[in-house]
> 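Sharing a structure here in structure tokens format.
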There are 2 protein chains.
Amino acid sequence: MAQLKNILLVDDDEDLREALAEQLVLTEDFEVFEAEDGASAMRKAKEMHHDLVILDVGLPDTDGRELCKLMRKQGVKAPVMMLTGHDSDADTILGLDSGANDYVTKPFKFPVLLARIRAQLRQHEQSEDAIFQLGPYSFRPSMKVLVDESDRKIRLTEKETNILKFLYRAPDGVVPRDVLLHEVWGYNAGVTTHTLETHIYRLRQKIEPDPSNAQLLVTESGGYRLMS
Amino acid sequence: MAQLKNILLVDDDEDLREALAEQLVLTEDFEVFEAEDGASAMRKAKEMHHDLVILDVGLPDTDGRELCKLMRKQGVKAPVMMLTGHDSDADTILGLDSGANDYVTKPFKFPVLLARIRAQLRQHEQSEDAIFQLGPYSFRPSMKVLVDESDRKIRLTEKETNILKFLYRAPDGVVPRDVLLHEVWGYNAGVTTHTLETHIYRLRQKIEPDPSNAQLLVTESGGYRLMS
DNA sequence: CAGTATTGTTACAATATTGTAAGCTGATGA
DNA sequence: TCATCAGCTTACAATATTGTAACAATACTG
């Protein structure tokens with residue numbers, strides 16, 4: 001995973017919660033934030049962005065499904081994984097219909113949970129609500145904006161958005177010009193690599209503090225790379 | 001579900017497959033297409049669009065995971081649900097990493113599968129690869145086009161795309177003007193309902209066979225409705 | 001029926017987006 | 001050193017998108 005993902009882990013069973021948190025952190029892909037009841041979960045959900053929420057169905061103050069609905073209503077778009085003790089159909093259905101994305105029955109083996117977490121994260125990256133961390137910006141492709149720390153918005157054109165999207169997703173960083181051309185303009189595009197260069201230039205003007213000395217969107221012999 | 005969804009069901013166990021198909025059809029939400037081996041599954045996947053694929057891991061000719069990867073490589077974007085007989089971790093992980101979206105262990109209870117299918121479909125509607133059936137068109141929001149039966153493409157502007165998207169998703173059809181305004185332009189938009197009307201007009205020019213007698217995008221006292 | 005509100009139609013102007021060309025820079029290598 | 005090339009910068013023109021205004025048609029109400 002290119003960037004550390006924030007996970008909000010909500011479970012009142014402290015032993016389980018901490019064990020889980022520890023294992024998640026060990027993967028070095030996640031930063032884990034913990035909550036032990038619905039109220040504090042909501043609070044934490046509001047005060048920062050999480051990339052995924054793990055939610056126990058049974059909490060001391062709220063029902064997990066209700067909490068999930070509440071979170072959705074409050075605008076939490078991240079995938080929610082429900083943990084439950086009972087594998088009854090009713091639970092499953094209700095769990096899924098509360099707006100949760102996946103459902104895991106306790107006890108579970110950690111690798112299974114982990115695989116499902118990764119699958120959810122991967123899937124969410126394709127979604128309209130996806131938010132990416134891009135250097136100092138948070139990037140919302142569907143809104144075509146970059147938002148900086150002080151909440152200033154940088155509007156992007158469609159081409160710019162697509163360029164960033166494909167650069168971000170490139171598994172190992174460098175994307176050759178012609179690949180980028182094909183990805184953004186399509187395979188029969190009558191556009192020269194020169195056009196791409198101009199777009200990169202314009203992007204840099206918008207996103208680089210010092211455009212003539214690119215830090216985020218760097219040139220790399222034959223292509224471009226997005227620094228995280 | 002507003003529109004019948006096509007499901008491709010791949011399993012060599014004829015009894016199970018037909019029982020499943022029947023139950024799915026009974027919900028009246030799905031049309032089911034069956035295949036009993038990898039080869040014919042690939043053939044069917046190519047010849048038409050399916051909204052979801054159910055795939056048994058063990059097939060006579062191919063391994064289900066390989067088939068899944070192959071489908072992905074061939075451009076199948078629909079969610080894939082893997083059915084497996086063994087609940088081993090390895091299977092789970094491999095299953096999820098092959099590009100499958102969810103994983104259900106046999107034997108399962110039908111309502112559980114159904115709930116998971118619905119969850120996948122719901123989630124996929126938010127994705128970039130989502131394709132909607134809109135009257136005679138297939139609508140690809142991420143490409144901002146409508147494609148008609150004879151493969152002619154109608155390009156849409158961003159506003160037009162968003163209008164269609166929100167109309168399509170409206171649970172019970174009619175969307176009041178002001179709601180649509182808020183959804184498409186945002187809550188602090190300095191745009192009058194008049195602007196919206198113009199956009200609707202332009203949309204109709206593009207998508208209605210007889211624009212002065214709208215069949216797809218109809219006016220409904222106070223708002224608009226998209227006919228499926 | 002008159003008149004008012006709602007919705008549709010047309011035309012136009014402001015703006016944003018995009019592609020291209022032309023010149024520039026700096027590195028590389030013969 | 002000089003030629004060459006990849007990549008950057010700047011400017012400009014074509015086009016697409018969008019909002020608005022003015023007017024026409026239609027439905028609704030008293």
Side-chain angles (χ1 to χ4, degrees), chain A residues 141 143-146 153-165 167 174-186 188-208 210-225, chain B residues 141 143-146 153-165 167 174-186 188-226:
Chain A
M143 313 251 80
K144 308 202 292 184
V145 287
L146 292 174
K153 290 174 190 31
I154 300 178
R155 296 187 44 208
L156 301 171
T157 71
E158 193 174 350
K159 294 279 185 273
E160 287 162 356
T161 307
N162 287 335
I163 289 172
L164 283 187
K165 218 159 55 181
L167 285 179
V174 198
V175 181
R177 268 151 233 278
D178 55 332
V179 173
L180 204 46
L181 264 182
H182 286 160
E183 295 282 24
V184 174
W185 277 267
N188 44 2
V191 202
T192 82
T193 157
H194 213 86
T195 303
L196 172 59
E197 271 152 20
T198 308
H199 279 274
I200 294 285
Y201 172 75
R202 297 202 263 240
L203 247 176
R204 283 179 176 152
Q205 296 297 318
K206 290 186 177 182
I207 73 179
E208 294 280 358
D210 175 8
S212 62
N213 179 19
Q215 299 294 309
L216 259 174
L217 180 38
V218 301
T219 305
E220 197 125 330
S221 88
Y224 298 99
R225 172 204 287 268
Chain B
M143 312 250 81
K144 307 202 292 185
V145 288
L146 291 174
K153 289 174 190 31
I154 300 178
R155 297 188 43 208
L156 301 172
T157 71
E158 193 174 349
K159 293 281 185 271
E160 287 163 355
T161 306
N162 287 335
I163 289 172
L164 283 186
K165 217 159 57 181
L167 285 179
V174 198
V175 181
R177 267 152 234 278
D178 54 333
V179 172
L180 204 45
L181 263 183
H182 286 160
E183 294 283 23
V184 175
W185 277 266
N188 44 1
V191 202
T192 81
T193 156
H194 215 86
T195 303
L196 172 59
E197 272 150 21
T198 307
H199 279 274
I200 295 286
Y201 172 75
R202 298 202 264 240
L203 246 175
R204 282 179 176 150
Q205 296 296 317
K206 289 186 178 180
I207 73 179
E208 294 280 357
D210 174 7
S212 62
N213 179 18
Q215 298 294 310
L216 258 175
L217 179 39
V218 301
T219 305
E220 198 125 329
S221 87
Y224 297 99
R225 172 204 288 268
L226 203 54

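Chain A is the first sequence line, chain B the second, and so forth, proteins listed ahead of strands; every chain is numbered from 1. All values reported here derive from a predicted model rather than from experimental measurement.
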> Check side chain to side chain contact (heavy atoms under 4.5 Å, CB included) between Lys144(A) and all other residues, then give those that pass, not counting sequence neighbours.
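Side chain to side chain contact (heavy atoms under 4.5 Å, CB included) list for Lys144(A), sorted by chain: Glu158(A), Thr161(A), Glu158(B).
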> How far apart are the closest heavy atoms of Lys159(A) and Val184(A), and which atoms are they?
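Taking every non-hydrogen atom into account, CD-CG1, 3.9 Å.
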> Contacts to DNA chain D from residues 153-162 of chain B, heavy-atom cutoff under 4.0 Å, which residues?
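Residues of residues 153-162 of chain B that come under 4.0 Å of DNA chain D are, in numerical order, Arg155(B), Thr157(B), Glu158(B), Lys159(B).
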> Do the non-hydrogen side-chain atoms of Leu226(B) and Val175(B) ever get within less than 4.5 Å of each other?
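The answer is no, as the side chains (C-beta and beyond) never meet within the 4.5 Å cut-off.
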> Could you tell me how far apart Gln205(B) (CD) and dG8(C) (C1') are, to the nearest whole angstrom?
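Rounding to the nearest Å, CD of Gln205(B) and C1' of dG8(C) are 10 Å apart.
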> Under the criterion salt bridge (charged side-chain N to carboxylate O under 4.0 Å, His left out), I'd like the reasoning laid out for Lys165(B) against Glu183(B): C-alpha separation, chi angles, the key distance, then a yes or no.
CA-CA 10 Å; Lys165(B) 217 159 57 181; Glu183(B) 294 283 23; over 6 Å; no
> Return the value, rounded to whole Å, for the distance between atom CD of Glu208(B) and atom C1' of dT9(C).
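Between C1' of dT9(C) and CD of Glu208(B): 15 Å.
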> So Arg177(B), base contact, sugar-phosphate only, or nothing? Heavy-atom distance under 4.0 Å.
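It contacts sugar-phosphate atoms only.
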> The criterion is side chain to side chain contact (heavy atoms under 4.5 Å, CB included); which residues satisfy it with Val145(A), sequence neighbours excluded?
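Counting only residues at least two positions away or on another chain, Val145(A) forms a side chain to side chain contact (heavy atoms under 4.5 Å, CB included) with Arg140(A), Met143(A), Val147(A), Arg155(A).
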> Going by atom type alone, with no hydrogens or angles, which donor-acceptor pairs under 3.5 Å involve a side-chain atom of residues 209-217 of chain B and a protein atom two or more places apart or on another chain?
{"residue": "Asp210(B)", "atom": "OD1", "partner": "Ser212(B)", "partner atom": "N", "Å": "3.3"}
{"residue": "Asp210(B)", "atom": "OD1", "partner": "Ser212(B)", "partner atom": "OG", "Å": "2.9"}
{"residue": "Asn213(B)", "atom": "OD1", "partner": "Gln215(B)", "partner atom": "NE2", "Å": "3.4"}
{"residue": "Gln215(B)", "atom": "NE2", "partner": "Asn213(B)", "partner atom": "O", "Å": "3.4"}

> Are Arg204(B) and Thr219(B) close enough that some pair of their side-chain heavy atoms sits under 4.5 Å apart?
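Side-chain contact under 4.5 Å: yes.
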> Looking at every strand, decide which applies to Thr219(A) at a 4.0 Å heavy-atom threshold: base, sugar-phosphate, or nothing.
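Sugar-phosphate contact only - Thr219(A) comes under 4.0 Å of backbone atoms but never of a base.
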> In this structure, how many angstroms lie between the P atom of dG8(C) and the CG atom of Leu203(B), rounded?
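Leu203(B) atom CG is separated from dG8(C) atom P by 12 Å.
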> So do Val191(B) and Leu196(B) actually touch side chain to side chain, heavy atoms under 4.5 Å?
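No, every pair of side-chain atoms sits at 4.5 Å or beyond.
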> On the nucleotide dT7(C), are OP1 or OP2 found under 4.0 Å from the side-chain N or O atoms that Tyr201(B) carries?
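For Tyr201(B), the contact criterion (side-chain N or O under 4.0 Å from OP1 or OP2 of dT7(C)) is not met.
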> Anything under 4.0 Å to a heavy atom of chain B counts; send over the first and last such nucleotide of DNA chain D, read 5' to 3'.
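Counting from the 5' end, contacts occupy dT17(D) to dA22(D).
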> Does some side-chain heavy atom of Glu160(A) sit less than 4.5 Å from a side-chain heavy atom of Leu164(A)?
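No, side chains not in contact.
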> Please work out if Thr198(A) contacts a base, only the sugar-phosphate, or nothing of the nucleic acid, heavy-atom cut-off 4.0 Å.
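Touches a base.
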> Start at the 5' end of DNA chain C and walk down; is the nucleotide closest to Thr195(A) or to His194(B) reached first?
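Going by which nucleotide is closer to the 5' end, it is His194(B).
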> Tabulated below should be each protein N or O lying under 3.5 Å from an N or O of nucleotides 27-30 of chain C; please produce it.
none

> Measuring to OP1 and OP2 of dT9(C), would you say a side-chain N or O of Arg204(B) lies under 4.0 angstrom away?
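For dT9(C), neither OP1 nor OP2 has a side-chain N or O of Arg204(B) closer than 4.0 Å.
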> Contact between Ile163(B) and Tyr224(B) at the side-chain level, heavy atoms closer than 4.5 Å - yes or no?
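Not in contact.
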> Can you find a pair of side-chain heavy atoms, one from Thr193(A) and one from Glu197(A), that are under 4.5 Å apart?
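With C-beta onward as the side chain, the pair touches.
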